[in-house]
Amino acid sequence: ISLTQCLTALVSVQRFKFSQSDVESTKKWKNYWIRGVLSIAMISGFFLIIYMGPVTLILVVMSVQIKCFQEIITIGYRVYHSYDLPWFRTLSWYFLICVNYFFYGETVADYFGALVQREEPLQFLARYHRFISFALYLAGFCMFVLSLVKKHYRLQFYMFAWTHVTLLIVVTQSHLVIQNLFEGMIWFIVPISIVICNDIMAYLFGFFFGRTPLIKLSPKKTWEGFIGGFFSTVVFGFILAYLLSQFQYFVCPVGFNSETNRFIVECEPSDIFVMQEYTLPTVLQNALRWKTVNLYPFQIHSISLSSFASLIGPFGGFFASGFKRAFKIKDFASTIPGHGGIMDRFDCQYLMATFTHVYIASFIRGPNPSKVLQQLMMLQPEQQLGIFHTLHSHLRQRGMLPPALRGF
């Protein structure tokens, strides 16, 4: 072989490598553009849904829940080749309906007491709601047992467990999302927004500065992206909390007006949404030369929410990555080009929703007078009178009644 031929072959190999590298680079940037455009579209849609109000948000949460359930169940069918199992697809959706009936029935009883009291059929359903829910589930359980066939026992029990774990992950946590919404739209918007912010900022920091791998389950995740996403999310959450805390529409619990049959978002904002003055620690006073600062208490709570979303929230994504690797799939589905399925976008959101619900119950929520009143309205008249006299006697002993009412 002549020297000319060797050089020609070497140049050809180098050209092939460069061309292959250019193709990969072009494909990579094309994927980034697709993800970017669709991310902007989804964020715009999110703002539109918020503008349309609580009812639309609840319907969207339900739709997302159903789609996530369908994606995970479909993976189970495909992995275990269970398409021929008798009645199993029907039973999976039946159990989804049963669990939703239980959770949403509880929500109706808690937040729509006045409407329930006004409609006699609803009174019956509310009184025996848990028994009806259990009876529906029991019917599905019996249908599953009757559907068992030889040579498929183990596979059928695999899929039975698969369905129930999916219900636990998807339906239970989507119910908590709606519970958070009724506490005030701010408890719905801020957690979702900071998870989105963390996802975007970790992606950008990782893309431009990422060098050190974070975890083997997600090779593209880097420490630079993780740390940059954390600080960016805390700042974003702090600013977003300040902006939203100024509006009743976001901070007031979502209520239902039985006279107009419409949702209302009106109230006297609670203390955590009222501007307060805080004295800074001495170290910060010396550094900033400020002694005090005015903040909404919710801004301090937002730091806790943002920290969880940045430090623990990504583990929801790592869990999903491990799940997909276990079953050798890239995405849960191909619903959103460049992003995968709906579950690929909500793997961290469900974990965040659970934390928000626990955080509200542990550090925010006190006794709810409206719920107590709704429960009182469901009692018999003689029971209501007994509670009235007991409360009257208690308030009189404490000297909290006006003089005109003490002798009543």
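Treat the numbers as computed from the prediction; the structure is a model and nothing was measured.
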Would you sort out whether T222 and T212 count as a side-chain hydrogen bond (donor to acceptor under 3.5 Å, both in side chains), showing the intermediate values? CA-CA 5 Å; T222 62; T212 312; over 6 Å; no
Candidate pair T292 and T279, rule side-chain hydrogen bond (donor to acceptor under 3.5 Å, both in side chains), full reasoning: CA-CA 4 Å; T292 62; T279 302; over 6 Å; no
Stepwise, does the side-chain contact (heavy atoms from CB on, under 4.5 Å) test hold for L244 with V251? CA-CA 7 Å; L244 297 186; V251 304; 5.8 Å; no
I would like to know whether L305 and F355 meet side-chain contact (heavy atoms from CB on, under 4.5 Å); could you show each step before the answer? CA-CA 8 Å; L305 296 175; F355 173 75; 3.8 Å; yes
Derivation of the side-chain contact (heavy atoms from CB on, under 4.5 Å) call for F69 and Q65: CA-CA 6 Å; F69 180 83; Q65 173 216 112; 5.6 Å; no
Mind running side-chain contact (heavy atoms from CB on, under 4.5 Å) on F238 and S306 for me, showing each step along the way? CA-CA 8 Å; F238 193 79; S306 299; over 6 Å; no
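Between the D344 side chain and the F332 main chain, a donor and an acceptor come within less than 3.5 Å of each other. Distance alone, capped at 3.5 Å, places no donor-acceptor pair between the E106 side chain and the F103 backbone. At least one donor-acceptor pair under 3.5 Å links the side chain of Q156 to the backbone N or O of V149. With H152 contributing its side chain and L148 its backbone, the two residues share no donor-acceptor pair below 3.5 Å. Checking side-chain atoms of E71 against main-chain N and O of M343 turns up a donor-acceptor pair under 3.5 Å. Using a distance-only test at 3.5 Å, with no hydrogens or angles considered, no donor-acceptor pair links the side chain of N198 to the main chain of I194. With hydrogens and angles disregarded, no donor-acceptor distance shorter than 3.5 Å links the side chain of Y203 to the backbone of G229. Within the 3.5 Å criterion, the main-chain N or O of I169 finds a donor-acceptor partner in the side chain of Q173. The backbone N or O of V195 lies less than 3.5 Å from no partner atom in the side chain of D199, so there is not a single donor-acceptor pair. Side-chain N or O atoms of S302 include one that pairs as donor or acceptor with a backbone N or O of Q299 at under 3.5 Å.
Residue Y158 places its OH atom among 12 or fewer non-hydrogen atoms of other residues, nucleotides or ligands, all under 6.0 Å distant. For CE of M143, the number of neighbouring non-hydrogen atoms (other residues, nucleotides, ligands) closer than 6.0 Å is greater than 12. Y101 OH: more than 12 foreign heavy atoms inside a 6.0 Å radius. Within 6.0 Å of CZ in F327 there are more than 12 heavy atoms belonging to other residues, nucleotides or ligands. Heavy-atom neighbours of Y278 OH from other residues, nucleotides or ligands within 6.0 Å: above the threshold of 12. Within 6.0 Å of OH on Y242 lie no more than 12 heavy atoms contributed by other residues, nucleotides or ligands.
Of the options F95, W87, F157, a ring-ring contact (aromatic ring centres under 6.0 Å, His included) to F144 is made by F157 and by none of the others.
For W223 and F230, the ring centers are positioned 6.0 Å apart or more. Aromatic ring centres of H164 and Y137: separated by under 6.0 Å.
Counting heavy atoms from C-beta on, the side chains of M62 and S174 never come closer than 4.5 Å. Looking at heavy atoms from C-beta onward, P191 lies out of side-chain contact with F308 at the 4.5 angstrom threshold. Annotation: side chain of H129 is in contact with side chain of S133 (closest heavy-atom distance under 4.5 Å). By the 4.5 Å heavy-atom criterion applied to side chains, I132 and F102 are not counted as neighbours. Counting heavy atoms from C-beta outward, F319 and L351 have side chains that stay 4.5 Å or more apart. Counting heavy atoms from C-beta on, the side chains of M185 and L57 come closer than 4.5 Å. For the pair F346/V64, a side-chain contact is recorded, criterion being any heavy-atom separation below 4.5 Å from C-beta on. I196 has its side chain out of reach of F236: every pair of non-hydrogen atoms, C-beta onward, lies at least 4.5 Å apart.
Below 30°, between 30° and 60°, or above 60°: for Y128 and F124 the angle between ring planes is between 30° and 60°, a tilted geometry. The aromatic rings of H301 and W187 are tilted relative to each other, their planes meeting at an angle between 30° and 60°. Classified by interplanar angle (parallel below 30°, tilted 30° to 60°, perpendicular above 60°), the ring pair F318/F315 is perpendicular.
Atom OG1 of T166 and atom CD of Q70 lie 11.5 Å apart (nearest 0.5 Å). To the nearest 0.5 angstrom, E183 atom CD is 9.5 Å from I364 atom CD1.
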